[in-house]
Participant: 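Can you keep this structure in mind? I'll have questions shortly.
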Amino acid sequence: MARACRRVDRDPSEVRLLPISKTVDEARIRLSVAAGCRELGENKVQEAYRKWEALSDLPELRWSLVGHLQTNKAKRVARFASEFQALDSPRVAEALDRRLQALGRGLDVFVQVNTSGEASKYGLPPEEVVAFVRRLPAYASLRVRGLMTLALLSSDSSWVRQCFVRLRELRERIRQEVPDGDRVAGLSMGMSGDFEAAIEEGATVVRVGQAIYGARSLPDSHFWPSP
Ligand SMILES: *Cc1c(COP(=O)(O)O)cnc(C)c1O
């Protein structure tokens, strides 16, 4: 990460590493906490909640959900998560806000954008993002922090990079067109295979699992739809 920052003259402290611990068992998560991890990202609510309970002796840990959410799980997320990176519909925003208000909690959110048009069916199409962001102030407990994307899963690095560029350009549009649009400052993009390119294109959060914890046995299609 530091090397990628240096290549484009960025300060490494601008880029946050979010370790993604899906499928990783409690014992190995504890090792990573001992090594300095203070936040964990999970794709599925059930798994995240189970780990949050099992690791409740580590209250300083922040939990981030990075996977698609169904409204019937909003109550659970409202209880324990500090951040939700896959916001992509008014229905989910509404459900989360209602549950959060009831608990007197807030939640950092990233709006998920489908920048590839095919690698993932989740996320808003880029042309709908500005209108969606304009609606977010109605949900008082959601603090919008930025945009999130999953790049195309491709060995062609110029296609991957295009997804990152698209997300950055969308942030610029929001800054120009939405009142208070500079709140949407974060760019969550880049995973184990492409975090360096993402940093070069402006990522402020990289979500890295396998490069920290080792290869997963479950295929990615278990966590997001394949093309
Ligand atoms: C699993 C996952 C990641 C991390 O992928 P790795 O290949 O393990 O780095 C990033 N973002 C999301 C949404 C994920 O589900």
Side-chain angles (χ1 to χ4, degrees), residues 1 3-4 15-25 28-29 31-32 35 37-52 62-70 73 76-77 81-89 92 96 107-124 129 145-157 159-161 163-164 166-168 186-227:
M1 287 174 65
R3 262 201 314 271
V15 188
R16 170 183 150 214
L17 171 63
L18 176 59
I20 304 291
S21 52
K22 68 192 189 207
T23 77
V24 177
D25 65 30
R28 282 165 70 228
I29 291 179
L31 287 175
S32 63
C37 284
R38 290 296 170 266
E39 54 180 337
L40 295 169
E42 287 280 341
N43 185 291
K44 294 192 181 291
V45 177
Q46 228 83 304
E47 181 179 348
Y49 191 79
R50 188 166 37 77
K51 289 175 180 172
W52 172 71
R62 285 182 94 239
W63 293 86
S64 175
L65 277 159
V66 299
H68 182 71
L69 181 67
Q70 285 160 330
K73 305 226 173 86
R76 213 152 239 213
V77 172
S82 298
E83 179 178 87
F84 174 53
Q85 291 207 355
L87 185 63
D88 64 358
S89 77
V92 169
L96 281 171
L107 187 68
D108 291 340
V109 297
F110 284 65
V111 175
Q112 184 172 357
V113 185
N114 184 347
T115 52
S116 66
E118 55 190 307
S120 155
K121 73 172 188 224
Y122 295 134
L124 285 167
V129 172
R145 299 295 193 209
L147 305 176
M148 178 274 223
T149 201
L150 282 165
L152 193 69
L153 296 172
S154 163
S155 54
D156 183 336
S157 61
W159 281 100
V160 172
R161 210 173 267 265
C163 297
F164 301 146
R166 243 172 246 148
L167 200 69
R168 190 183 65 219
L187 293 177
S188 174
M189 54 190 198
M191 316 193 294
S192 292
D194 54 19
F195 68 90
E196 288 160 292
I199 288 172
E200 288 170 11
E201 297 301 340
T204 66
V205 185
V206 292
R207 310 178 308 269
V208 178
Q210 297 178 89
I212 296 174
Y213 294 106
R216 275 186 302 275
S217 49
L218 278 170
D220 283 342
S221 57
H222 181 72
F223 299 100
W224 61 80
S226 313

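Start at 1 and go down the list; that is how both ligands and their atoms are numbered.
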Participant: Give me the residue, atom name and distance of the protein heavy atom closest to atom 7 (O) of ligand 1.
Facilitator: Gln210 NE2, 2.9 Å
Participant: Please report the shortest heavy-atom distance between Asp88 and Gly123, naming the atom on each side.
Facilitator: OD2-N, 3.3 Å
Participant: Tell me the protein heavy atom at minimum distance from atom 9 (O) of ligand 1, and give that distance in Å.
Facilitator: Ser192 OG, 2.5 Å
Participant: Please state which part of Val66 comes within less than 4.0 Å of ligand 1, counting heavy atoms only: side chain, backbone, both or neither.
Facilitator: both
Participant: Atom 4 (C) of ligand 1: which protein heavy atom is closest, and how many Å away?
Facilitator: Arg207 O, 3.6 Å
Participant: When rounded to the nearest 0.5 angstrom, what is the spacing between SG in Cys163 and CZ in Arg168?
Facilitator: 12.5 Å
Participant: Output the list of atoms in ligand 1 that are nearer than 4.0 Å to some heavy atom of Gly209, sorted by atom number.
Facilitator: 4 (C), 6 (P), 8 (O), 9 (O)
Participant: Can any side-chain N or O of Lys22 pair as donor or acceptor with the backbone N or O of Gly209 at less than 3.5 Å?
Facilitator: no
Participant: Does the pair Glu83/Arg16 count as a salt bridge with the N-to-O cut at 4.0 Å?
Facilitator: yes
Participant: Kindly compute the distance separating CG (Leu65) from CG (Leu40), expressed to the nearest 0.5 Å.
Facilitator: 11.0 Å
Participant: Closer than 4.0 Å to some heavy atom of Met191 - which atoms of ligand 1 meet that?
Facilitator: 3 (C), 5 (O), 9 (O), 10 (C), 11 (N)
Participant: Using a strict 4.0 Å cut-off to heavy atoms of Lys22, name the atoms of ligand 1 that fall inside it.
Facilitator: 1 (C), 2 (C), 3 (C), 14 (C), 15 (O)
Participant: Look at the side chain of Arg207 and the backbone N and O of Val66, then say whether any donor-acceptor pair between them is shorter than 3.5 Å.
Facilitator: no
Participant: Answer side chain, backbone, both or neither: which part of Gln85 comes under 4.0 Å from ligand 1, heavy atoms only.
Facilitator: neither
Participant: Which heavy atom of Gln210 sits nearest to which heavy atom of Ala215, and what is that distance?
Facilitator: OE1-CA, 3.5 Å
Participant: Using a strict cut-off of 4.0 Å, indicate which atoms of ligand 1 neighbour a heavy atom of Val208.
Facilitator: 9 (O)
